[in-house]
Amino acid sequence: MGESDAAAEGLRDGRPSTCPDSASPSAATSIEAVFREERGRLLAALVHRFGDLDLAEEVASEAVEAALVHWPADGVPRRPGAWLLTTARRKAVDRLRRDTAYAARLAVLQVEADRADPSPPADADGDLPDERLQLFFTCAHPALSAEDRGALTLRCLAGLTTPEVARAFLIPTATMAQRIVRVKRKIRQARIPFRVPGPDELPDRLPGVLQVLYSLYTEGYAASSGPNLQRLDVAEEALRLTRILYRLLPAEREIAGLLALLLSTHARRDARTGLDGEIRLLDEQDRSRWDRTMIEEGRELAVTALTGGPPGPYGVQAAIAALHVEAQDVDCTDWPQIVALYDVLLRLTPSPVVAVNRAVAVAMRDGPEAGLRLLAALADEPRLRGYGPYPTARGDLLRRLDRCDEAASAYREALELAHTEPERAHLRRRLASVRRGCSTESPEL
Amino acid sequence: MKYMLLIYAASVDAASQCTPQDWIEHEKAMRDAGVLVGGHSLADLTTATTVRVDAAGERNVTDGPFAETREVLGGYEVIDVPNLDVALDWAARCPGSRGGGSVVVRPIADFGDSTD
């Protein structure tokens, strides 16, 4: 594998942008929708069958190309997924017949059976078996780096093209293509298996999968850099994948917890920015713009997550998020309950970031001085160096105490650390407001 | 699929928390499972000698290398297992992965001339 592979990776596109002329716009749109929905599932079924990601991707793309030729003329088949899988498997068998050395390396056990009966197995409902769970665990394998896990999950499970994945992470397509080639090579050469961990391994491995989905969501929701605060398409893909994972493992309460957390957060997406694109914090948001259906779904899932066993970190965060979005306004929020949940969370996942959030909740319950005392105790914490929300929280509490000079200096510190333009605009606005509030502050600041 | 487990000691001087008995039991477990291909412990790093041959064919022999990093390669095992997950399980069972030591798992390159 070399540069040309990386280039091919960049160009390879499961959903070609140009459709045949014969396709009417509506047919093209419905084909597009089918591919989006079926691609991850198709890929997972092929990987399960042939144990090779590259082969699976190649024949999946060929099957999609065949569909673009046949479907506009013949209509979309009744079971499009089964059509795509049958076509892709025939192509894989052909390919392995031509290239016996490759076939031998893969040690493909299923090929003979496929030659005899190329129609895919279907369950009682006529649906294809869903093999995506294996792919979730492979893409989130601990032997891969955190950034590779996210990219691979978007590529293989969300069905994004390499240029789309590159855009999601704001890096050049060629760089992303090389990264995907490298990570697929590691999977193949180190033989990272496509398998669902057994029940005894699940407590070790599931948190890694959830972490990938959570990181993808936050990458989209609070873009780590760039002009826009939110990249909602990435956030929505993460939400969609979390729903799929929950469907595949409905007994895992932490998946319910993560899904609930994402729903309660996503419900506020439209209210997070003003018309000018500027960030609106929880206490400034127009709550009529919150998505009530999502809030309700999130609340029910949070209850599921916290029922029937000891709470997990996502379940607790979901409960905190649910309490925030259930309240009529900031003052009606059940702050004592939120502080209690942060106490639980701090026990489950001790981290200075959780401690900062807890301090803010304590300030809402007991007043700004109490919060400031807790924040001051974290001042020497090395893991909070460069963490913008820490000085922002200090600034907000100092402002409420009319300690404007100190608040201004905290906001200036936060401004240095802010990564996106909307965050910076928000902090500049806060900074201006404390300057106005303080006659003692020198005018040139 | 063969993997080499490179066993790094926690530090040159650190008294190992593992007893010789731990290593004997680990080797027996690998033999009983039929996964052990081979392996050796290495003598102390102070006994190491480095050879380089330059473009003119001149042989250059030097004492060392000496430990510049905290971790020193202390031995290796080669195992034959179906996939990386199984290899990582054996690495985690290796006494060398505990007490500040680490085990690096490297697939042995397959140039297509073997059947495995």
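So you know, we letter chains A, B, ... as the sequences are listed, proteins then strands, and number each from 1. Note that this is a predicted model, so its numbers are computed, not measured.
B:Glu25 is linked by a salt bridge (charged side-chain N to carboxylate O under 4.0 Å, His left out) to nothing, counting only residues two or more places apart in sequence or in another chain. The side chain to side chain contact (heavy atoms under 4.5 Å, CB included) check on B:Glu58 picks up B:Asp54, with sequence neighbours excluded.
Ranking A:Pro142, A:Pro197, A:Pro193, A:Ala143 against chain B, the residue ahead of the rest is A:Pro193, based on heavy-atom pairs under 4.5 Å.
With a 6.0 Å radius and a threshold of 12 heavy atoms from other residues, nucleotides or ligands, A:Arg195 has its CZ atom above the threshold. Within 6.0 Å of OH in A:Tyr214 there are 12 or fewer heavy atoms belonging to other residues, nucleotides or ligands.
Both the backbone and the side chain of A:Ala190 come within contact range of chain B, each with at least one heavy atom under 4.5 Å from a heavy atom of that chain. Of the two parts of B:Ile108, neither the backbone nor the side chain holds a non-hydrogen atom closer than 4.5 Å to a non-hydrogen atom of chain A.
Each of B:Asp85, B:Val86, B:Asn83, B:Val81 was compared with A:Arg191 under the side-chain contact (heavy atoms from CB on, under 4.5 Å) criterion, and only B:Asn83 meets it.
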